[in-house]
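Remarks on the structure that follows.
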Amino acid sequence: MNMATAPIHVTELGHRYGKRRALAQVDFTLQAGEFLALLGPNGAGKTTLFSLLTRLLRATEGRIELFGLDLQGNARDALRRLGVVFQQPTLDLDLTVAQNLAYHGALQGLSPDTVRQRMEEELGRFGLSERAGDRVRSLNGGHRRRVEIARALLHEPKLLLLDEATAGLDLETRQALYEHVRSLCEERAMAVLWTTHLVEELSPTDATLILHQGRLVAQGTLQELQSQQGISSAKELLLALTRREP
Amino acid sequence: MSWSAYGHAFLGILAREFRRFLQQRTRFLSSLVRPLLWLVVFAAGFRAALGIAIIPPYETYITYEVYIVPGLVGIIILFNGMQSSLSMVYDREMGSMRVLLTSPLPRGYLLVCKLLSGALVSLAQVYAFLLLARLFDVEPPVLGYLWVLPATVLSALMLGALGLLLSSLIRQLENFAGVMNFVVFPLFFLSSALYPLWKMREASELIYWICAINPFTHAVELIRFALYGEFSVLAFTVTSATTVLLTMAAIVGFDPGRGLLRKSGPPRN
């Protein structure tokens, strides 16, 4: 295990909004090529953790290192290797798929030629090449999500963060996206942090962090955790671990 | 990051602003109709009530229409600045602001690119309006059309920075109506856009002083002098200093550690 250059290495991370504590003492590491699920009910602190990792917020306690770089300090080199898919849609509906991707590529500092070439590759892989000239508004929810993932991969990141990427999609589309992202881990040795509140999205062998009321309450594969707790279903495991304190 | 990366980012942001602008044709039309209504209807009614003495930069008696054209250029860029603030609030709610904020380039640089792109979009509207104003006998010297370019860009940067700062203060779209009431109208009416300051002084010393320190007054005067081939040192100094201050404040507003996003909870979904 190499902590020094791990895509994510988080130590004693905590965050407060004024007096309200949203996150406390979170520690975990994500290695290159690994898939890690971050599971927790709504309000568990997933979005706060995600905002800290993407530098939309600055942590009030603890430390985040991406690829061995402190996010408080030299964040820009780390951000260059980071691809993000936010929970809420972030595409410009009035622009075409290609224009949305071009905008993102420009923000990453890529030349128009590189953007064109990368766009062909990524849209092709998602079966969206023919939709490049269509306005995003005319795409259905599943296609929009795929465009967002294609966009996040445009600058060939080494770490992909997805926040509830499957929200609002039907079962089949969710499954397809999940499998696609899993295959990216293997093919490109890309590290993936997959945030979700749906335990049924994950496979029993996925490494999982369970977040509840701002704290990590369990780490391990769902299989391991189930046998530790003596619970047969993953759903019940999640319920047991995230029962609200009275 | 290489220098070319900075260039690609600027061109990308500029292209997006222009594309959005071109797609909103009604926005372009309304941005022209608004000042034209002032020019044609308001000014026609007002010219009888208000005599304009010879004041710099004008060398002769002028009609009221001639007087208010720079002020109306001001209102075009003021509305644009606020519109881009609206689009920032909208962007943040829609999330595409997050895409901007996760770019590896410095945030300050990206925000300045956004301001500059907004200013260049304003320029297109200002020239369209100035050409239409010729139909109503507002005919500044030819060189004025050249000098008004830097004056407009600087003023648009100032008002864009104000909009940007406001957008980091406002968390909800609904609050934008408040911005119109508490920012746009006071800035516009308490300025030299509609009436010369000496006229104001006759009415009230206090209002005169408020108008005299209003940075929007100086933006309008910078444009007024430029349009007649002259340069107002005072207007330029106040406008550029205000631009720098507002831009810095806006960049701080978007800093996750110090900024105004910090205390109010996680970005909403």
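Within every chain, numbering begins at 1; the chains are lettered A, B, ... in the order of the sequence lines, protein sequences first and strands thereafter. Below, all heavy atoms of this structure are taken into account, side chains as well, without hydrogens, waters or symmetry copies.
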Task: Best-contacting candidate, A:Q99, A:H155, A:Q72, A:R81, against chain B by heavy atom pairs under 4.5 angstrom - done: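 The residue among A:Q99, A:H155, A:Q72, A:R81 with the greatest pair count is A:Q99.
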- [ ] Considering only heavy atoms and a distance below 4.5 Å, find which of A:N100, A:D94, A:T54 pairs most often with chain B.
- [x] A:D94
Open item on the list: Does B:F182 have more than 12 heavy atoms from other residues, nucleotides or ligands lying within 6.0 Å of its CZ?
Closed with: no
Open item on the list: If I measure from the heavy atoms of chain B, does A:L110 come under 4.5 Å with its side chain, its backbone, both, or neither?
Closed with: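 For A:L110, backbone heavy atoms alone lie under 4.5 Å from chain B.
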Task: Where at least one partner belongs to residues 36-47 of chain A, residue pairs that pass salt bridge (Lys or Arg N to Asp or Glu O under 4.0 Å), sequence neighbours excluded - done: A:K46-A:E164
Open item on the list: For B:I13, which atoms come within 4.5 Å of any heavy atom of chain A: side chain, backbone, both, or neither?
Closed with: both
Open item on the list: Taking salt bridge (Lys or Arg N to Asp or Glu O under 4.0 Å) as the criterion, tell me which of A:R146, A:R144, A:R151 meets it with A:E148.
Closed with: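 For A:E148, the salt bridge (Lys or Arg N to Asp or Glu O under 4.0 Å) check succeeds only for A:R151.
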Task: side-chain hydrogen bond (donor to acceptor under 3.5 Å, both in side chains) involving A:T196 - partner list, sequence neighbours excluded - done: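 Testing A:T196 for side-chain hydrogen bond (donor to acceptor under 3.5 Å, both in side chains), a comparison that skips the adjacent residues, returns A:E201.
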